[in-house]
Amino acid sequence: MDKNQAEDLVYGQLKELMLPSGFMVKIREQNGNDDDIISNQATSSDLSNFNIFLSSLIIWTDLPFAVNNKLTAELIKKLLLRDKYFILFASRCHSMGNLVKFDYDWGKTEGGKLTYTEDVSRYLWDYSKPMPEVTSDDFFEYRIKPYEVENPYGLQERTLEGGKKVRFRLMDGHSESWLMGLPIDQQTKNTEIRARGLELLVESKWEKVENFMYFSKKEMSSLRNVMKEVDTQFSGLTDLENPATGQTIKYPIISVQDFFYPEEI
């Protein structure tokens, strides 16, 4: 029995993935124990259930912070968010198929409860190929985009309009966890900037930005544009249309119970 056959016997069918960052992971099939991990109430409040799940799911990776090509639940927090959600969507397709079924209740006067089916493979892409143009038949608005910076897991250094030099990291699991734990009275328009650990170059020394009073409105606009350009966040949305009224809403597909616990496979 060769190594690949042995791995298949232990882990089930394996799947190798190129992540939006360009790094590779090899994942196993999901099993019944994963249901306990994902649904654990004690760890789900801060999303650490997904850290535990992903550390078990990934059996090999060349990510730069891996130890012996493995990731612990603590190291999973370093995963960039597009990489993280790409793995979750790819694992869903690999282990349970592409189709997610769910109901949405529009209300009695608007058509009532309707059943929808979403092909979640549409959110994924083979990043060894160029992304489809908007005019292409393969284009999908909500697809997970690749990172288009040279070193996505390194600090991103940029010069703002006006000349200020800043650096920051792209959104990762630490950022996501910090945002979730932030009291509502501290959540502002600048919260996502702070979550990226923004630093400002002051007299040849990098200083962590705790206060934005030293940035003009024009500089703040430049900063937000820079972050949006290099680190657009994955929304995980799908469009639901009410056939009775033509109304369309955006709905978070990953929140659907069938995403992790399909009744039929």
Side-chain angles (χ1 to χ4, degrees), residues 1-40 43-44 47-102 116-129 131-132 138 140 142-147 173 234 236 238 252-265:
M1 182 183 296
D2 63 24
K3 181 181 178 182
N4 290 336
Q5 289 175 321
E7 286 182 337
D8 286 347
L9 185 62
V10 174
Y11 298 116
Q13 188 176 7
L14 304 180
K15 181 76 172 179
E16 192 168 87
L17 308 170
M18 176 182 282
L19 302 178
S21 63
F23 291 97
M24 305 295 295
V25 297
K26 186 184 290 186
I27 62 172
R28 60 166 174 80
E29 281 188 84
Q30 292 184 34
N31 58 49
N33 189 56
D34 296 320
D35 293 346
D36 284 335
I37 295 173
I38 295 170
S39 62
N40 188 299
T43 57
S44 60
L47 300 183
S48 59
N49 56 333
F50 288 118
N51 299 336
I52 299 168
F53 167 61
L54 288 171
S55 67
S56 173
L57 186 74
I58 298 168
I59 66 165
W60 178 92
T61 181
D62 64 353
L63 281 159
F65 50 88
V67 176
N68 297 323
N69 301 110
K70 302 279 189 179
L71 297 176
T72 63
E74 188 62 28
L75 288 174
I76 287 290
K77 295 177 184 178
K78 296 185 177 183
L79 265 180
L80 298 178
L81 293 190
R82 279 187 249 167
D83 280 359
K84 173 181 177 178
Y85 287 102
F86 183 89
I87 297 170
L88 290 174
F89 273 72
S91 175
R92 205 293 178 182
C93 294
H94 176 55
S95 296
M96 293 170 277
N98 301 349
L99 302 182
V100 172
K101 297 180 180 180
F102 59 99
Y116 295 86
T117 301
E118 176 65 80
D119 181 353
V120 293
S121 69
R122 297 199 298 161
Y123 295 85
L124 307 173
W125 188 252
D126 176 358
Y127 299 115
S128 66
K129 305 175 183 177
M131 290 287 282
D138 289 329
F140 178 53
Y142 302 122
R143 180 172 284 127
I144 302 173
K145 295 178 174 61
Y147 291 100
F234 171 61
T238 187
I253 191 66
I254 202 169
S255 69
V256 173
Q257 181 174 340
D258 191 72
F259 189 94
F260 290 109
Y261 311 108
E263 295 182 4
E264 300 177 6
I265 298 180

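Hydrogens, waters and symmetry mates play no part in the numbers below; they use all other heavy atoms, side chains included.
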Chemist: Minimum heavy-atom separation for R92 and P262, please, with both atom names.
Modeler: NH2-CB, 3.5 Å
Chemist: After noting the C-alpha distance and the side-chain angles of V25 and L19, does the key distance pass the side chain to side chain contact (heavy atoms under 4.5 Å, CB included) rule?
Modeler: CA-CA 7 Å; V25 297; L19 302 178; 3.8 Å; yes
Chemist: What is the minimum heavy-atom distance between I253 and F102, and which atoms define it?
Modeler: CD1-CE2, 3.5 Å
Chemist: Can you check whether P132 reaches W125 side chain to side chain, under 4.5 Å on heavy atoms?
Modeler: yes
Chemist: Hey, are K78 and D83 close enough for a salt bridge, meaning a charged N less than 4.0 Å from a carboxylate O?
Modeler: no
Chemist: Can you name the nearest heavy-atom pair linking F86 to L17, along with the distance?
Modeler: CE2-CB, 4.0 Å
Chemist: Would you mind listing every ring-ring contact (aromatic ring centres under 6.0 Å, His included) that reaches into residues 52-73, with sequence neighbours excluded?
Modeler: F65-Y153
Chemist: Considering non-hydrogen atoms only, spot the tightest contact between Q13 and H94 and give its length.
Modeler: O-NE2, 2.8 Å
Chemist: Donor-acceptor check, side chain of D119 to backbone of S121, threshold 3.5 angstrom: yes or no?
Modeler: yes
Chemist: Does R143 come within less than 4.0 Å of D138, counting only side-chain N to carboxylate O?
Modeler: no
Chemist: Hey, does L80 have a side-chain heavy atom less than 4.5 Å from the side chain of P20?
Modeler: no
Chemist: I need the minimum non-hydrogen distance between K101 and T117, along with the two atoms involved.
Modeler: CG-OG1, 3.7 Å
Chemist: Is there side-chain contact between V120 and C93, with at least one heavy-atom pair below 4.5 Å?
Modeler: yes
Chemist: If you define the side chain from C-beta out and look only at heavy atoms, does anything of I87 sit under 4.5 Å from I27?
Modeler: yes
Chemist: Using a 4.5 Å cut-off on heavy atoms from C-beta on, say whether the side chain of L63 contacts that of L79.
Modeler: yes
Chemist: Considering non-hydrogen atoms only, spot the tightest contact between S56 and I59 and give its length.
Modeler: O-CG2, 4.5 Å
Chemist: With side chains defined as the heavy atoms from C-beta onward, is the minimum distance between T72 and V67 less than 4.5 Å?
Modeler: no
Chemist: Is the closest side-chain heavy-atom distance between R28 and L57 below 4.5 Å?
Modeler: yes
Chemist: Are any of the side-chain heavy atoms of D35 and Y261 separated by less than 4.5 Å?
Modeler: yes
Chemist: Take Y147 and F23 through the test ring pair (Phe, Tyr, Trp, His ring centres under 6.0 Å) and record every step on the way to the result.
Modeler: CA-CA 11 Å; Y147 291 100; F23 291 97; over 10 Å; no
Chemist: Where does the angle between the aromatic ring planes of Y123 and F89 fall among parallel (under 30°), tilted (30 to 60°) and perpendicular (over 60°)?
Modeler: tilted
